[in-house]
Amino acid sequence: MQEADAEANRQLTTLAGWRKFIDGPPPPPARLSADELRHLSPTERDLYDEDRLDHHARMLTVSTSFVEKTRICGRRLVLLNRHAISARRGLMVSGLPGTGKTSAIAQLGRAHELLDRARHPTVGDRIPVLYITVPPAATARMVSAEFARFLGLPVRPRSNMTDIIEAVVGVCTDTRTGLVVVDEIHNISQRTQAGAEVSDTLKYFSERIPATFVYAGIGLETSELLVGTRGAQIAGRFTLVPTGPFPYGDEWKGLIATMEETLILHDHPPRSLVKLDRYLHNRTDGMIGALSHAIRGAAIDAILNGTERVTKEGLDAIPLDHAAESVRPVRKPTRQR
């Protein structure tokens with residue numbers, strides 16, 4: 001049990017967690033027939049339900065147009081940077097919370113690593129992708145330590161910045177790191193000394209590591225990451241891919257259909273969620289994160305309360321994030337004439 005918990009707690013910001021993500025989630029449990037359910041013992045039924053609960057708790061990655069655009073743009077930049085000696089181009093992914101930024105850059109990294117593995121199947125010591133997040137109120141040392149932590153390098157209290165950077169650059173060069181993904185980049189402000197030093201450190205890493213750098217964060221177009229001389233340098237070298245809420249249309253309906261197909265419930269009418277596409281758009285304001293949370297949460301409740309179906313009432317009972325709940329304009333009642 002402790003080993004299973006450790007596996008579940010691994011994150012993208014460690015090499016072990018990243019490789020676990022690359023290998024993909026376990027296959028979903030098979031949906032048993034009514035006759036098979038009747039023959040389960042109480043313990044077997046509990047275990048079966050627990051497997052279904054775990055399946056619905058996992059964040060489903062849907063290949064949206066935004067994910068595809070990010071992947072194509074990132075792949076293009078990797079190819080353009082392949083023979084560059086300096087001034088490599090980078091990618092910035094920007095948008096509101098819950099619009100799929102992290103999913104998009106993670107899928108870009110996954111595609112890059114899988115391609116690298118296919119090209120070098122016998123080389124086991126490669127680390128094609130490095131993934132970190134920028135901590136709040138980050139310092140240059142903290143960000144350098146995040147690079148080292150992903151690679152499993154020790155960072156001792158007495159280690160100076162030069163030691164950490166040289167160790168990271170050495171490992172990345174030796175292991176052929178080709179993509180460096182930096183999430184939560186909006187935590188950097190060029191207006192503060194600490195933020196400027198973090199920006200300089202990332203720039204130095206990008207000059208020393210022959211890789212394409214990908215930044216992702218909230219509202220980067222107007223953030224303090226792009227102010228001043230340092231910000232102008234970033235803006236001049238990074239391609240911006242913006243994202244936002246999904247409009248109501250065919251892609252939105254396709255998202256709902258895809259998520260509905262992953263449900264493992266025993267009394268859920270097929271395509272009943274698709275019929276609620278307009279309601280779901282109004283409820284989530286087109287935010288894919290809120291949509292996924294609502295559907296997965298309602299599916300978990302359906303297993304726990306025994307209804308085995310996702311309904312409008314069940315979706316209404318799932319509290320969403322404050323942004324999704326409050327961003328929609330309040331409609332005033334129309335006067336009867």
Side-chain angles (χ1 to χ4, degrees), residues 6-23 74 78 81 86 88 90-93 101-102 105-106 108-110 112-114 116-117 120 123-190 192-217 225 230 233-234 237-238:
E7 289 289 332
N9 288 332
R10 286 180 177 172
Q11 299 177 338
L12 297 180
T13 52
T14 67
L15 182 57
W18 177 258
R19 286 177 171 169
K20 186 73 175 178
F21 165 72
I22 297 300
D23 293 337
V78 168
N81 289 334
S86 62
R88 298 179 188 87
L91 177 67
M92 286 194 300
V93 178
K101 300 182 301 299
T102 296
I105 59 176
L108 167 60
R110 187 171 189 268
H112 178 83
E113 178 138 348
L114 290 176
D116 188 89
R117 289 184 183 186
H120 308 281
V123 182
D125 60 350
R126 297 174 71 91
I127 303 178
V129 179
L130 189 152
Y131 186 109
I132 72 163
T133 60
V134 178
T139 64
R141 179 183 173 83
M142 289 168 63
V143 170
S144 300
E146 287 297 307
F147 275 78
R149 187 171 75 91
F150 180 92
L151 298 171
L153 300 174
V155 178
R156 299 178 176 86
R158 294 184 179 180
S159 300
N160 60 44
M161 279 281 295
T162 302
D163 293 335
I164 299 172
I165 290 174
E166 289 304 318
V168 168
V169 170
V171 171
C172 288
T173 303
D174 292 342
T175 59
R176 303 297 191 272
T177 301
L179 193 70
V180 175
V181 182
V182 183
D183 204 354
E184 305 293 321
I185 195 74
H186 56 265
N187 284 328
I188 297 177
S189 171
Q190 306 283 13
T192 68
Q193 181 177 349
E197 290 174 354
V198 172
S199 180
D200 289 343
T201 300
L202 287 174
K203 184 175 183 295
Y204 187 65
F205 271 128
S206 70
E207 292 170 348
R208 295 287 307 280
I209 301 172
T212 298
F213 276 61
V214 177
Y215 293 165
L225 174 71
R230 292 180 177 87
Q233 288 181 327
I234 295 173
R237 291 175 57 180
F238 279 72

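As a basis for the values below, the full set of heavy atoms in this structure was taken, side chains included, without hydrogen atoms, waters or symmetry mates. Along the sequence shown, the residues carry numbers beginning at 1.
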query = For Arg19, what residues pass the side-chain hydrogen bond (donor to acceptor under 3.5 Å, both in side chains) criterion, not counting sequence neighbours?
reply = none
query = So do the side chains of Val169 and Tyr204 get within less than 4.5 Å of each other, counting heavy atoms only?
reply = no
query = Is any side-chain heavy atom of Ile188 closer than 4.5 Å to a side-chain heavy atom of Leu202?
reply = yes
Straight-line distance of Asp23 CG to Leu114 CG, nearest 0.5 Å = 9.0 Å
request  = Rounded to the nearest 0.5 Å, what's the gap from CZ on Phe238 to OG1 on Thr212? Could you check?
outcome  = 9.5 Å
note = Nearest heavy-atom contact between Met142 and Pro135 is CE-CB, 3.7 Å
ask   = Do any N or O atoms from the side chain of Asn187 and from the backbone of Val134 form a donor-acceptor pair under 3.5 angstrom?
value = yes
Show me the donor-acceptor pairs within less than 3.5 Å that the side chains of residues 145-154 make with the rest of the protein, sequence neighbours left out.
unit_1: Glu146; atom_1: OE1; unit_2: Arg149; atom_2: NH2; d: 3.4
unit_1: Arg149; atom_1: NH2; unit_2: Thr13; atom_2: OG1; d: 3.0

remark   = Applied to residues 133-143, the salt bridge (Lys or Arg N to Asp or Glu O under 4.0 Å) test, sequence neighbours excluded, yields none
key: Nearest non-hydrogen partners of Ala140 and Val198, listed with the distance   = N-CG2, 3.5 Å
message = Checking the side chain of Ser199 only, and the main-chain atoms of Gly195 only, is there a donor and an acceptor separated by less than 3.5 Å?
response = no
ask   = At their closest point, which heavy atom of Pro128 faces which heavy atom of Asp116, and how far apart are they?
value = CG-OD2, 3.3 Å
ask   = Can you tell me how far the CD1 atom of Ile185 sits from the CD1 atom of Ile132, to the nearest 0.5 Å?
value = 7.5 Å
message = Let's go through Leu108 and Val181 carefully: what are the C-alpha distance in whole Å and the side-chain angles of both, what is the deciding distance for side-chain contact (heavy atoms from CB on, under 4.5 Å) to 0.1 Å, and is it a yes or a no?
response = CA-CA 9 Å; Leu108 167 60; Val181 182; 5.8 Å; no
query = How long is the gap from OH on Tyr215 to NE2 on His186, to the nearest 0.5 Å?
reply = 14.5 Å
query = Is any side-chain heavy atom of Val168 less than 4.5 Å from a side-chain heavy atom of Ser144?
reply = no
query = Taking only residues two or more places apart in sequence, or in another chain, which ones meet Arg88 in a salt bridge (charged side-chain N to carboxylate O under 4.0 Å, His left out)?
reply = none
request  = Give the minimum heavy-atom separation between Thr177 and Ala211, together with the two atoms involved.
outcome  = O-CB, 3.5 Å
ask   = Of all heavy-atom pairs between Gly109 and Val129, which one has the smallest distance, and what is that distance?
value = O-CG2, 3.4 Å
Min side-chain heavy-atom separation Ser206-Arg237 under 4.5 Å = yes
task = Kindly compute the distance separating OH (Tyr131) from CD (Gln11), expressed to the nearest 0.5 Å.
result = 10.0 Å
Salt bridge (Lys or Arg N to Asp or Glu O under 4.0 Å): pairs with one or both residues in residues 175-190, sequence neighbours excluded = none
ask   = Going from CD on Gln190 to CZ on Arg230, what distance comes out if it is rounded to the nearest 0.5 angstrom?
value = 6.5 Å
ask   = With no hydrogens and no angle check, is any side-chain donor or acceptor of Thr175 less than 3.5 Å from a backbone partner on Val171?
value = yes
request  = Can you tell me which residue pairs pass the salt bridge (Lys or Arg N to Asp or Glu O under 4.0 Å) test with a partner in residues 163-175, sequence neighbours excluded?
outcome  = Glu166-Arg208
